[in-house]
Amino acid sequence: MMTYTFVPLLLKSSNPRVIFITSGTSTLTETYDRTLDFNYVPPKGWPKEPGPVLGFPAYRSSKTALNMVMREWTRWLRDDGVKVFCCDPGFSATNLGGSPEIMKSLGAQDPAIGGHFIKDVLQGKRDADAGKVLRIDGIQPW
Ligand SMILES: NC(=O)c1ccc[n+]([C@@H]2O[C@H](COP(=O)([O-])OP(=O)(O)OC[C@H]3O[C@@H](n4cnc5c(N)ncnc54)[C@H](OP(=O)(O)O)[C@@H]3O)[C@@H](O)[C@H]2O)c1
């Protein structure tokens, strides 16, 4: 809704970009990777007790959907010269998991690291990767 609302302003820019904030948990390919905490497989039986990390199915599914939203905006605005990205800022100590302290205790990084990354994308340093899901150190698999 926000992108839709601001497209007329965006198109006045000589170098327009749109950035959606996705998550490292959104990749379908890496759901095969059992070394990642959020891919924890609970023991058999029902009900399932939450693992070391709950797995947040709704959160990560919404971010997978967001990656498609990014692809759709890429398609819609291609001929307008707009560069569209998804960015994963990395596991960061914010209020997302309750408090920065809780997140830090789980290994989250200083949010400034993700912030600088987003700023770099905003300033064009990753323009060659437009239309993709970006991580600080590369491209996230779909
Ligand atoms: N933290 C991580 O490890 C991590 C990793 C990957 C991706 N992300 C993504 O990064 C983004 C920012 O999350 P965060 O970690 O910084 O979480 P956060 O500390 O909880 O911050 C969320 C921010 O969103 C604002 N917000 C929430 N609902 C809103 C609404 N309806 N309208 C306008 N603003 C709203 C909040 O504003 P108020 O403070 O005013 O409530 C707050 O500033 C999210 O998209 C998250 O999924 C986070």
Side-chain angles (χ1 to χ4, degrees), residues 1-43 46-142:
M1 287 170 65
M2 197 167 102
T3 305
Y4 191 91
T5 302
F6 287 109
V7 162
L9 278 180
L10 192 69
L11 297 187
K12 289 184 178 174
S13 168
S14 56
N15 205 350
R17 298 183 185 85
V18 177
I19 300 176
F20 295 101
I21 306 300
T22 188
S23 161
T25 65
S26 69
T27 162
L28 294 169
T29 305
E30 290 181 359
T31 54
Y32 291 104
D33 186 348
R34 295 279 170 79
T35 66
L36 298 170
D37 280 350
F38 48 80
N39 289 332
Y40 165 79
V41 176
W46 193 260
K48 301 291 186 194
E49 294 298 324
V53 172
L54 191 55
F56 28 81
Y59 175 77
R60 69 190 302 187
S61 303
S62 73
K63 293 296 194 180
T64 306
L66 180 68
N67 297 343
M68 180 59 89
V69 169
M70 179 274 292
R71 292 297 301 164
E72 286 296 82
W73 278 111
T74 297
R75 179 170 70 86
W76 276 26
L77 299 178
R78 178 163 293 148
D79 284 356
D80 297 290
V82 180
K83 298 178 188 75
V84 188
F85 306 84
C86 269
C87 293
D88 163 29
F91 188 38
S92 308
T94 65
N95 286 319
L96 195 68
S99 76
E101 288 66 37
I102 295 172
M103 300 286 271
K104 265 184 219 154
S105 73
L106 296 170
Q109 67 187 10
D110 181 344
I113 296 170
H116 286 298
F117 162 57
I118 304 299
K119 189 185 72 161
D120 283 349
V121 177
L122 190 67
Q123 293 181 335
K125 292 189 182 158
R126 301 288 294 270
D127 276 359
D129 297 325
K132 297 177 182 161
V133 179
L134 310 190
R135 287 177 173 165
I136 292 178
D137 57 358
I139 306 295
Q140 178 166 295
W142 292 117

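Heavy atoms only: backbone and side chains are in, while hydrogens, waters and symmetry mates are out. Both counts, for ligands and for their atoms, begin at 1 and track the order of listing.
Every pair passing ring-ring contact (aromatic ring centres under 6.0 Å, His included) that includes a residue from residues 74-104 is listed here, sequence neighbours excluded: Trp73-Trp76.
A salt bridge links Glu30 with Arg135: the distance from a Lys NZ or Arg NE/NH1/NH2 to an Asp or Glu carboxylate oxygen falls below 4.0 Å.
The salt bridge (charged side-chain N to carboxylate O under 4.0 Å, His left out) test applied to Asp120 returns Lys125, not counting sequence neighbours.
Taking 4.5 Å as the limit, every side-chain heavy atom of Leu36 sits out of range of all side-chain heavy atoms of Arg34.
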For a distance cut-off of 3.5 Å, show me each N or O of ligand 1 paired with any protein N or O, plus the separation.
unit_1	atom_1	unit_2	atom_2	d
ligand 1	1 (N)	Ser92	O	3.2
ligand 1	1 (N)	Thr94	OG1	3.2
ligand 1	3 (O)	Ser92	N	2.8
ligand 1	15 (O)	Thr94	OG1	2.5
ligand 1	19 (O)	Asn95	N	3.0
ligand 1	45 (O)	Lys63	NZ	2.9
ligand 1	47 (O)	Tyr59	OH	2.6
ligand 1	47 (O)	Lys63	NZ	3.0

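Shortest non-hydrogen contact noted between Pro141 and Thr27 is O-OG1, 3.0 Å.
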Output a table of donor-acceptor pairs, distance under 3.5 Å, between side-chain atoms of residues 102-114 and any protein atom two or more places apart or on a different chain; print 'none' if there are none.
unit_1	atom_1	unit_2	atom_2	d
Ser105	OG	Ile102	O	2.6
Gln109	NE2	Pro89	O	2.9
Asp110	OD1	Ala112	N	2.9

